[in-house]
Amino acid sequence: MRPAFALGLALALAALLAALVSLVWTPYDVAALAIADRLKPPSAAHWLGTDHFGRDIGSMLMAGARTSIAVALVAVGIGMGLGVPLGLVASARHGSLLDEVVMRGNDLVFAFPSLVIAILITAVFGPSAVNAILAIGIFNIPVFARVARGGALSLWTLDFIRAAEVAGKGRTRISVEHILPNILNLLIVQGTIQFSLGILAEAGLSYVGLGAQPPTPSWGRMLAEAQTMVTVAPHVAIFPGLAIVLTVLGLNLLGDGLRDHLDPRLRRAA
Amino acid sequence: MQRYLVRRLISLVLSLVVASLVIFAVIEIVPGDPASYMLGLNASPETVAALRDRLGLNEPVPLRYLHWLVGMLQGDFGQSYTYKVPVAELVAQRLTVSLPLALLALLLATAIAFPAGLIAAARRGRAADSAVMGATQIGVALPNFWFAMLLVLAFALHWRLFPAGGFPGWSEPLAGIRALTLPAIALALPQAAILARVLRSALVETLGQDYIRTARAKGLTRGQALVGHALRNAMIPVLTILGMQFSFLLAGAIIIENVFYLPGLGRLIFQAITQRDLIVVESVVMILVFAVILVTFLVDLAYGAIDPRLRKRA
Amino acid sequence: MSLLAVSDLALTIHGVPILRDVDLAIAPGEIFGLVGESGSGKSMTALAFMGLLPHGSLATGEALFDGEDLLCLPERRLTRLRGNDIAMIFQEPMTALNPMKTIGDQVAETLRVHRAATRAEARAVARDRLDRVGLPEDRFPLTLYPHELSGGQRQRVAIAMAIALRPKLLIADEPTTALDVTTQAQILDLLRGLARDEDMALLLITHDLAVVADMARHVAVMKDGRVVEAGATEPLFRARREDYTRRLIVASEHVPARRSAPPGADLLTVSGAVREYLLPRPSALAPHPRLRAVDGVSFTLRAGESLGLVGESGCGKSTLTRAILGLDPLQGGRIRLGEEEVTAGRKMAPALRARMQVVFQDPYGSFNPRHRVERLVAEPFHLTGRPRDARDRVAAALDEVGLKPADMAKYIHEFSGGQRQRIAIARALIIRPDLIVLDEAVSALDVRVRAQVLDLLARLQQSHGLAYLFISHDLSVVRSVTDRVMVMRAGRIVEEGATEAVFTAPQEAYTKALIAAAPRIPDAWKEPADATRP
C-alpha cells in the first residue's frame with residue numbers, strides 16, 4: 001500500500017470514526033452552553049478550545065463530521081442511484097432519441113451549480129440540511145450519468161458484449177451482467193471524488209446559511225459563526241477548517257489510490 | 001464549421017428556454033401563491049391582492065411565463081419588491097463587483113495552473129512533479145471561504161497589506177482592485193489546483209500517444225513535443241474543466257463575497273432570500289444560469305476552433 | 001562498411017531484461033529485415049538505438065551509426081540525428097499523426113526543427129515529398145488534416161515526414177500490419193522504391209516472414225530478446241539452420257490436415273441480403289444519405305462445410321456477419337438457418353440462435369474480465385437453459401480445446417492470447433451448434449500459435465460435423481482451411497468458387513489483384529536445394 005493511499009485511508013477512517021462515535025459519546029455535550037468558558041484557547045480540558053457559547057470545539061467537530069458525512073453520503077447515493085441507471089440506459093441505446101434526451105438533460109442540470117439549486121430550493125422552502133442534500137445530490141446525477149455512459153460506451157464496442165448478444169441476452173441483462181461490473185471501478189473512484197466534493201459543498205452551503213440549521217452541528221456553520229471572532233480567537237476558525245481540509249484531502253488521496261489500484265490500464269503500465 | 005456553429009446555437013437557445021422554464025416553475029408555481037409567500041403570514045388580503053396585481057399573478061401561468069421571458073429579452077427583469085427599484089438596475093450594479101471578481105480569479109487560476117501543470121507533466125515522476133502534485137492535493141481540499149478567512153487573518157489583519165472587506169467602488173480603480181485581490185486569490189487557488197491536475201493528467205495522457213513518438217522520431221526534443229504537439233491535444237479536457245470552473249467561480253464568488261462583505265450578486269441574492277424577494281432571486285438565478293450556459297457554448301466553440309475533426313463533422 | 005553496426009546490445013526496463021546479445025549490421029542503402037513474434041524485442045531494439053526508450057530503460061553495448069555510438073550520444077546530439085539521418089515510421093497510421101495539425105505542417109515540421117529550411121522552403125519540400133509518396137497536390141493539398149485520409153494515405157504522410165530530410169536510415173516498425181493487403185503492397189513498393197532511389201537503408205521490422213522474403217536482402221530473426229539467426233535472406237530461408245527459424249517458417253505455411261466434408265444439406269442460406277446505414281445529413285433539411293454496406297449478397301453454406309469470406313476492411317464483411325448472427329436487421333433479402341428465418345434482436349428464437357455461435361478476433365476483448373472461465377464458457381447456456389451437468393460440460397469443452405478442466409476457476413487475464421482463443425472456441429462449442437462463425441479468429445495470433453489453433457479447428461470440425469464460416473483478410477489462412485471461398489468487395493460478392501480453383505485461377509480482376517498483392521515466401525525457397533550456399 002502506497003503511503004499516500006494509507007494516509008488517505010487513515011484520514012477518511014478518522015473522520016468516519018469521529019462521526020460514528022459522536023452518535024453515542026462526545027467529550028462534552030454539544031447542546032449545553034457554558035458562557036463562562038467562552039472562547040477559551042486550547043487547553044488540557046478543551047483540547048481544541050471553546051466557541052463563543054463555551055461549547056467544546058472538539059465535540060462540535062465530531063458532531064459536525066456526522067452532518068458532513070451524512071449529507072455527502074446521501075448526495076452520492078442520490079447521484080449514483082439515479083445517474084448510473086440513466087447512463088447505462090443511454091449507452092445501451094447509444095445514438096437514439098433516449099440517449100440524446102438523457103445527455104441534454106445532463107447538460108441542463110450542469111447549468112445549475114449546487115449552490116444555485118440550493119438557492120432555488122431555499123428561496124421557496126427555507127434552509128435545511130435536507131435542501132443541501134437535495135442540491136448536492138441533484139448536481140451529482142449528471143456526473144454519475146456521464147461517467148457511467150462514457151465507461152459503458154467503450155465497453156459496448158468490445159467483443160464480449162457481442163458474444164453475450166449471440167448468446168441471446170438482451171440489452172438490460174447485458175447492462176447489468178457485463179457492463180455494470182466493469183464500470184464499478186470508475187463509479188467507486190468517482191464516488192469518492194463526489195463524496196469529498198459533497199463535504200466541501202455542504203460546508204459552503206452551511207457557511208452561507210443554506211444548509212444545516214441550528215442546533216444541528218455543522219463545520220460550515222461553525223466557520224460562519226467564527227468569522228466575527230477570528231481576531232480575538234483564531235482557533236474557532238482554524239480547527240473547523242482543518243477538519244474539512246483533512247477529511248477532503250483524505251478522501252481525495254483515497255480516491256487516487258483506488259484509481260491506481262483498480263484501473264487495470266494503469267496497473268499494467270506500472 | 002457553420003453547421004457546427006448552428007447546431008451549438010440551437011442547443012444554446014434550447015437550454016436557455018428549458019432552464020428558464022425550470023426556474024419559473026420553481027419560483028412562481030411551486031410556492032402556490034408567490035405574493036402571499038413574499039408578504040408572509042401577517043399580510044392583509046388587500047396587500048396580497050395588490051401585490052398579485054402588480055406582479056401580474058392574475059394572468060394565466062403560460063402568459064405570465066411569456067411576459068417574463070419577453071421582459072428579460074428586453075432587459076426588464078421586473079421590480080424588486082424590497083428595494084423598489086428595477087431588478088435589472090440592481091443586478092447591473094452588483095455585477096460590476098461579481099464579474100470582475102470571477103474573471104480576475106479565472107485569470108489568476110489559469111496563470112498559476114498552466115506553468116504548474118506543464119512543469120509537472122514535463123518532469124513527471126520526479127521531484128518537481130511530486131511537489132506540484134502534493135501542493136495541488138492540498139489546494140483541491142481547501143474550502144475557499146475558509147482559505148479566505150486565513151488570508152484576511154494574515155494579509156489584512158496581521159500585515160495590513162489589503163483591506164479585510166468592503167468595496168470602495170470603481171471610481172478609484174486601484175483601490176477597487178486592491179479590495180478584490182484577496183477574494184480573487186481565495187477563489188483562484190483551489191481552482192488552480194484542480195486545473196493544474198487536469199492539465200497534467202491530460203498532458204501525460206497525450207504524451208503517451210503515438211503521434212508524440214512520431215514527433216520525437218522527427219527530432220523534436222521532449223520540450224518541443226510537449227509544447228508543439230501535446231499541449232494542443234490536451235486542451236480539450238482542460239477547456240471542459242475551464243468551462244465548468246467558471247460556474248464554480250461564480251458560485252464561489254457568491255460565497256466569498258460574504259467573507260469580504262463585497263456588494264456583489266451574492267450579497268444581493270442572500271438578502272433577497274431572507275427578505276423573500278422572489279423576483280430578485282428568480283432574476284439573479286436566471287442570470288447565473290445564463291452565464292453558465294453561455295460559457296458552455298463558448299467552450300463548445302473553442303473545441304471547434306481547436307479540433308479540426310469537430311469542424312468537419314458537426 | 002556498415003551504416004549501422006549494433007553489437008552486444010542489451011536492454012533492461014526497470015531491471016527486467018528485455019534484450020541481450022543483439023548484433024545487427026546494416027549496410028548503406030540495403031533493406032534489412034528484422035523478424036520475430038510479438039514480444040521478441042524487435043521494436044525495442046529499434047527504439048534503443050533511436051534513443052526513444054520508455055522511462056526506466058537501461059541500454060548497454062554499442063550501436064555505431066556512421067562511426068558514432070548512438071547509445072553514448074547525449075540527447076542533444078540524438079535529437080539532431082533523429083529525423084535528419086535516422087527516421088522512423090510506426091505500425092498504427094491512424095494514431096501516428098497529430099490529429100490537430102495539417103499534414104503539410106507535420107511534414108514541414110521535420111525540416112523546421114532541424115532548421116534546414118525557411119517556412120516557405122519547408123512547405124515546398126513538404127509538397128515535393130508528399131508528391132513523392134504518392135499524394136499529389138490536386139487531391140492532397142497541404143491543408144488536409146489526418147482524419148480526412150485513409151490509413152494507407154496516413155502511412156504515406158508518415159513516410160513523407162520521415163524522408164523529408166533524406167535520412168540515411170529509415171526504420172519501419174510493422175509499417176503495413178494495420179493495412180489491407182493491396183494497400184500493404186503499395187506501401188511496400190513505395191518503401192522499396194525510396195530505398196533504391198534515395199540510397200536509403202531500410203530497417204524493416206515485421207512479424208510477417210513473407211514480407212521479409214519479398215523485401216529484404218538481409219534478415220535477422222529474433223526470439224525472446226535475442227537474435228537467433230541472421231544472414232542473407234534467401235539462404236537463411238532455404239537452410240532453416242536454426243530450429244526456431246524452421247519452426248517459424250513451417251508454421252507460417254501450415255496447412256492443417258483436413259478432409260473435405262461430403263456436401264450436406266443447406267444450412268445457412270443468404271439471399272439478396274441488403275444492409276444500409278444512414279449517414280449524417282449533408283445539410284439540415286436534406287435527407288440522410290444511405291450507405292449500402294451489404295448490397296444484395298446471396299450464398300449458401302452447407303452442413304459440415306467450411307466456407308471462406310475474404311475482403312478488405314470496409315468491404316462489408318463485418319456488417320454481413322452481424323446480420324447473419326442476428327444482431328442487426330436487414331433492409332432487404334433474407335437469411336435462413338436451416339428452415340427458419342434469422343431475425344435480429346428478441347424476435348429470434350433462442351433455439352435458432354443456439355444453432356450458431358461465433359469466435360471473434362480479439363483475444364483480449366472477447367471475455368468479460370470479471371467472470372471466471374466457467375461462467376464465460378457457460379454463457380451460451382442462456383439459449384438452451386442451463387443443464388444439470390453444466391459444470392461437466394464446461395470441463396469437457398475445455399478438455400476438447402486442449403485446456404485443463406481446472407482452468408474453469410481462473411480469470412481470463414491468466415491466459416495467453418492463444419489460450420484465450422481456445423476458450424472462445426470452447427464457449428462456441430458448449431451448446432453444440434451446427435455453425436460457428438470465425439470472425440478473423442486467428443488474425444491476432446502469432447504464426448506458431450495460429451497453426452495450433454487452425455489444427456484444433458480442423459479437428460473439431462471433423463469430430464463434430466461443424467460448418468464454419470471463416471471470415472478473414474488473410475488469404476493464405478483462408479486458403480489452408482476452407483472448401484469454398486467468396487471474395488467480397490464494396491458490399492458485394494464478386495467471386496465465389498472452390499477454394500483451390502479461386503486461388504489458382506481467379507476470374508475477377510479484383511481477386512487477381514488481391515492474390516497478387518499478398519506477399520508469399522517463394523515456392524522455390526521451400527526446398528533447401530543448395531543450403532550450403534552462403
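Just so we're clear, the structure is a prediction, and the values are computed from it rather than from any experiment. Proteins get letters first, then strands, A, B, ... in listed order; numbering begins at 1 in each.
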Exercise. Just by modelled atom types, is the B/Arg216 backbone N or O under 3.5 Å from a matching donor or acceptor in the C/Arg82 side chain?
Worked result: yes

Exercise. Under the 3.5 angstrom rule, does the side chain of B/Lys218 hit a backbone N or O of C/Val113 as a donor-acceptor pair?
Worked result: no

Measure the shortest side-chain to side-chain distance between [X] and [Y] over non-hydrogen atoms and say whether it is less than 4.5 angstrom.
X	Y	result
B/Thr214	C/Phe90	yes
B/Asp307	C/Pro99	no
B/Leu220	C/Thr79	no
B/Arg309	C/Glu148	no

Exercise. Is the number of heavy atoms from other residues, nucleotides or ligands under 6.0 Å of B/Phe290 CZ greater than 12?
Worked result: no

Seminar exercise, completed: Taken to the nearest 0.5 Å, the spacing of C/Leu97 CG from B/His229 NE2 works out to 10.0 Å

Exercise. Which distance, rounded to the nearest 0.5 Å, do you find between the CG of B/Asp210 and the CG of C/Asn98?
Worked result: 11.5 Å

Exercise. Taking every heavy-atom pair that is under 4.5 Å apart, which of C/Met50, C/Arg76, C/Gln91, C/Met161 has the most such pairs with chain B?
Worked result: C/Met161

Seminar exercise, completed: From the list C/Lys101, C/Glu92, C/Met100, C/Gln106, the residue making the most non-hydrogen contacts under 4.5 Å with chain B is C/Met100

Problem set entry | chain B contact via C/Leu165 - side chain, backbone, both or neither, heavy atoms under 4.5 Å | neither

Seminar exercise, completed: So, the part of C/Ala96 with a heavy atom under 4.5 Å from chain B: the answer is both

For this session: Let me see the working for B/Arg213 and C/Met88 under side chain to side chain contact (heavy atoms under 4.5 Å, CB included), right down to the final yes or no.
Result: CA-CA 9 Å; B/Arg213 199 173 52 175; C/Met88 186 159 181; over 6 Å; no

Problem set entry | Interface moiety of B/Ile10 toward chain C, non-hydrogen atoms closer than 4.5 Å | neither

Exercise. Is chain C contacted by the side chain of B/Ile306, its backbone, both, or neither, given a heavy-atom distance below 4.5 Å?
Worked result: both

Exercise. Of the non-hydrogen atoms in C/His114 and B/Gly219, which two are nearest, and what is the gap between them?
Worked result: NE2-CA, 3.8 Å

For this session: Check the pair C/Glu75 / B/Thr221 against side chain to side chain contact (heavy atoms under 4.5 Å, CB included), numbers first and verdict last.
Result: CA-CA 8 Å; C/Glu75 175 64 20; B/Thr221 61; 5.6 Å; no

